Undergrad: 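Encoded as structure tokens, here's the structure I'll be asking about.
Computed from heavy atoms alone, side chains included, the values below leave out hydrogens, waters and symmetry copies. These numbers come from a predicted model, not from an experiment.
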Amino acid sequence: MHLGRLTLPHRVSIIRYLHGSGGRPGGVIRSLRGLVLSCAMVAAALTTSLAPVHAAAGVAAARWLNPSPQGNSIEALAFESDLVGFAVGVRGTTLRTTDGGGSWTDLSHPLDFDADLLDLATLGAGHLLAVGSGAGIFASDDSGESWRVVANPSIDTLRHLERIGGTTFSAVGDGGQRLLSTDAGDSWSLGSDTGLLFAHGQRWLDPSRGWVVGSPGVVETFDGGVSWTPVELDGFEFFDVQFADGQNGWIAEAFSMYRTTDGGASWTSMPQTPLYLNTQILYSTMHRLLICAGEGAEIYETRDDGLNWTPLYQRFGTVSYTAVTKLPNGRVVVASSDGDLLYSDDEGATWTNTTDGPGDEDRIELWKVNRRPDGRGYATGSSGDWLRTSDDGSTWTRESSPLGTFAYEVEFREDGLGFGPGVGSGTTLARTTDGGVTWTPHVVSPSFVGAPAGYEFASEAVIWAAFKGTNTTERVFRSTDAGITWESRGSLLSNADPIQAISFVDEDRGYIGGGWLDPQGKLLRTTNGGVDWAAIAIPSSVFGIWDMYWPTFEHGFLAARDTVYETTDGGITWGGILETDASQMSWRDAQHGAVFFYLSPTFQLTVDGGATWTDVGIPWSIGILDIEWVSDTRLWIAGPGSRLLEVDLLEPASVPGPDEVLTDTDLESPVRLLGNPARETLTLELETTAHGAAQFEWFDSAGRKLGSWSSAVGEGRSSVHVAVPANSRSAVLFLRVSLPDGGHSSHRVVVLE
């Protein structure tokens with residue numbers, strides 16, 4: 001059973017070119033799901049001069065650090081027996097259980113298959129049918145290990161799938177579309193438009209009589225979907241329709257519920273219900289469980305047909321319940337938007353969470369993640385608790401923060417000195433000298449309450465701290481005794497301008513920036529340890545400085561919401577080097593940097609000091625709140641709902657460089673493509689002066705390595721057939737060939753579906 005929610009269309013199926021700003025090359029060519037190439041597109045893809053694919057242009061591997069087994073939203077559940085069941089969700093999330101939901105195995109491959117799976121049905125042992133984004137209908141013949149696309153006439157996202165009877169299935173989705181299959185999902189035909197902008201659910205009493213609920217309303221049919229008639233009900237967003245038998249049914253609107261006792265001939269409004277209704281589990285016409293999905297996640301029970309509702313299980317934090325099913329043995333399984341799976345064997349009285357992630361009851365909105373060089377790390381955010389690891393992220397423990405307040409940020413120096421303040425603690429800092437094992441409070445200033453803007457360990461002796469609080473000019477402080485005592489360092493921004501960032505390059509020279517409430521952002525610098533501050537002119541388009549980084553006193557970067565600016569002369573001149581949503585930056589050093597925005601699951605990456613940038617997508621569907629560089633090619637990423645992801649970036653050597661990208665008509669190349677575009681197999685003509693093994697390596701357009709093969713070749717000219725990788729949905733791939741005599745070349749290959 002699927003719980004519908006209003007979501008935006010997933011992606012548009014086009015080829016688009018991504019370019020860096022400021023005249024710098026920074027793009028890759030990306031093919032999106034569901035693309036059918038025309039002859040003109042193929043010709044363009046073969047003849048267009050592509051910008052080089054830069055080092056570390058994609059994610060080579062991704063691992064969920066917390067919770068387990070994964071953290072993407074689960075959208076649908078289906079069981080083929082009391083023991084074997086499946087859960088699917090966004091970004092290709094696929095989980096399987098063989099013990100009735102007591103434990104789950106993650107089968108997801110989001111780097112290869114990232115379609116949103118929004119509803120699910122079982123066809124028999126090991127056979128699954130799903131609908132989702134990109135006008136997708138997907139089938140699995142191996143118990144969810146892999147998915148294949150089923151051809152269908154849909155043109156938009158499909159959200160709900162239901163078996164009408166036997167081998168007949170109905171799928172409904174966005175834009176009023178309704179599809180019908182009479183052969184268990186092998187083939188589909190497009191039916192009459194339902195008239196709904198978004199369809200969230202459907203229910204059929206028989207192949208002729210059915211209802212579809214969604215936005216903006218409810219429609220019904222008496223002729224199997226040949227025609228649809230609106231049902232006159234108050235409300236706009238309807239999420240679920242259920243029938244206990246041929247006469248008794250319920251329709252759930254976001255804030256109300258309707259009841260029928262005559263098979264849908266008439267509907268009456270029910271007494272007041274809980275808010276954000278989604279769907280029900282039916283035990284009888286009198287006894288039902290109600291699942292809510294709104295500002296938190298709640299399960300209610302009624303034993304008097306909705307006259308009274310009793311809360312059974314509530315979770316607030318950042319989650320909502322998204323899917324529910326009842327097994328033949330009576331067990332109820334519920335899924336959530338943060339990837340949790342819960343079950344109850346006593347009709348909802350008690351629940352077991354099978355994911356065992358810290359913060360299962362009330363998730364922590366993780367704003368910051370910090371890792372010490374020895375592998376100890378902290379993830380902190382909007383809670384009096386935080387998450388701590390002592391084994392480089394393998395396991396995380398939830399514990400109270402030192403001050404018992406919002407642990408907004410934790411920063412450490414390599415020798416173990418660190419600070420962990422709280423939003424509610426004013427300028428009282430929690431100080432540690434042993435890397436976070438023990439903490440003591442130290443008051444910086446008792447005069448105001450303010451969240452930290454950042455710390456700078458300028459030297460072994462000098463530490464700087466800045467705070468965002470307003471209505472005071474005393475918001476930057478310096479310590480010369482490792483943070484035991486602090487002194488104010490000057491009048492800075494006006495009282496109404498919060499400080500957003502601080503960056504010092506040594507004990508005396510540094511910058512502060514901010515200015516959200518001023519018509520223009522402000523940047524000030526000092527050269528004498530904060531005794532004096534001077535304003536630095538910044539581009540007039542900068543409304544506020546959200547973040548900044550200065551690797552040297554002359555060389556700096558500013559994040560200004562929609563543009564990243566760079567100066568190499570201390571702010572005398574500025575250049576816009578990247579146009580992107582930018583709320584924060586994370587720099588490992590002057591070469592390795594990431595720019596991200598809290599509403600987007602992608603970030604911009606540079607490994608050459610900002611000369612070129614690459615758009616990198618991560619395998620989750622939520623925004624990014626912080627990025628921590630663990631090494632040159634390894635990142636920790638934090639997001640809402642206790643989500644922590646570790647990603648490995650591609651090593652620079654694994655990506656074809658611009659000098660390797662040769663045209664296919666280059667007669668000097670030792671490798672020629674005899675068929676391009678290609679489908680499943682590519683034929684190459686090789687010419688080598690030595691016999692031995694030729695190596696073939698495939699990369700997608702983001703630089704991610706898809707696989708490698710080798711083939712024995714003899715001296716002279718020979719032909720070789722190379723299989724096109726089946727684990728890529730891209731229409732443009734790179735093939736790098738290395739010959740036994742040292743010759744090599746790289747080629748663009750257009751792949752036709």
Undergrad: Tell me whether the count of non-hydrogen atoms from other residues, nucleotides or ligands lying under 6.0 Å of CD1 in Ile155 goes above 12.
TA: no
Undergrad: Do you know which two heavy atoms are closest between Tyr258 and Met270, and how far apart they sit?
TA: C-CG, 4.1 Å
Undergrad: Phe603 and Phe597: aromatic ring centres closer than 6.0 Å?
TA: no
Undergrad: Should Gln177 and Ser154 be marked as a side-chain hydrogen bond (donor to acceptor under 3.5 Å, both in side chains) after you check the CA-CA gap, both sets of side-chain angles, and the distance that decides it?
TA: CA-CA 7 Å; Gln177 59 189 338; Ser154 173; 2.8 Å; yes
Undergrad: Kindly give the heavy-atom pair with the smallest separation between Leu290 and Leu277, and that separation in Å.
TA: CD2-CD2, 3.5 Å
Undergrad: Kindly compute the distance separating OG (Ser108) from CZ (Phe113), expressed to the nearest 0.5 Å.
TA: 10.0 Å
Undergrad: Can you list the steps and then say if Glu80 with His127 is a side-chain hydrogen bond (donor to acceptor under 3.5 Å, both in side chains)?
TA: CA-CA 9 Å; Glu80 61 185 42; His127 296 280; over 6 Å; no
Undergrad: Quick test of your reading of the model: are Arg209 and Asp223 salt-bridged, counting only N-O distances below 4.0 Å?
TA: no
Undergrad: What's the shortest heavy-atom distance between Leu644 and Ala379, and which atoms?
TA: CD1-CB, 4.0 Å
Undergrad: Decide, yes or no, whether a salt bridge links Arg178 with Asp193 under the criterion of side-chain N to carboxylate O below 4.0 Å.
TA: no
Undergrad: So among Trp250, Trp228, Phe243, which one has a ring-ring contact (aromatic ring centres under 6.0 Å, His included) with Trp211?
TA: Phe243
Undergrad: Any donor and acceptor pair, going by atom type alone, linking the side chain of Arg96 with main-chain N or O of Ser143 inside 3.5 Å?
TA: yes
Undergrad: One pair to check against side-chain hydrogen bond (donor to acceptor under 3.5 Å, both in side chains): Asn248 and Thr285. What are the steps and the verdict?
TA: CA-CA 7 Å; Asn248 293 282; Thr285 57; 5.5 Å; no
Undergrad: Which atom pair, heavy atoms only, marks the closest approach of Ala115 to Phe138?
TA: CB-CZ, 3.6 Å
Undergrad: Going through the distances and angles, do Glu145 and Ser140 end up as a side-chain hydrogen bond (donor to acceptor under 3.5 Å, both in side chains)?
TA: CA-CA 7 Å; Glu145 295 282 351; Ser140 175; over 6 Å; no
Undergrad: Does Trp636 have its ring centroid less than 6.0 Å away from the ring centroid of Trp64?
TA: no
Undergrad: Between Arg303 and Glu347, does at least one N-O distance fall below 4.0 Å, as a salt bridge requires?
TA: yes
Undergrad: Flag the pair Arg203 and Glu162 as a salt bridge only when some basic side-chain nitrogen lies within less than 4.0 angstrom of an acidic carboxylate oxygen.
TA: yes
Undergrad: Tell me the closest heavy-atom pair linking Pro328 and Asp82, and the distance in Å.
TA: CD-OD1, 3.0 Å
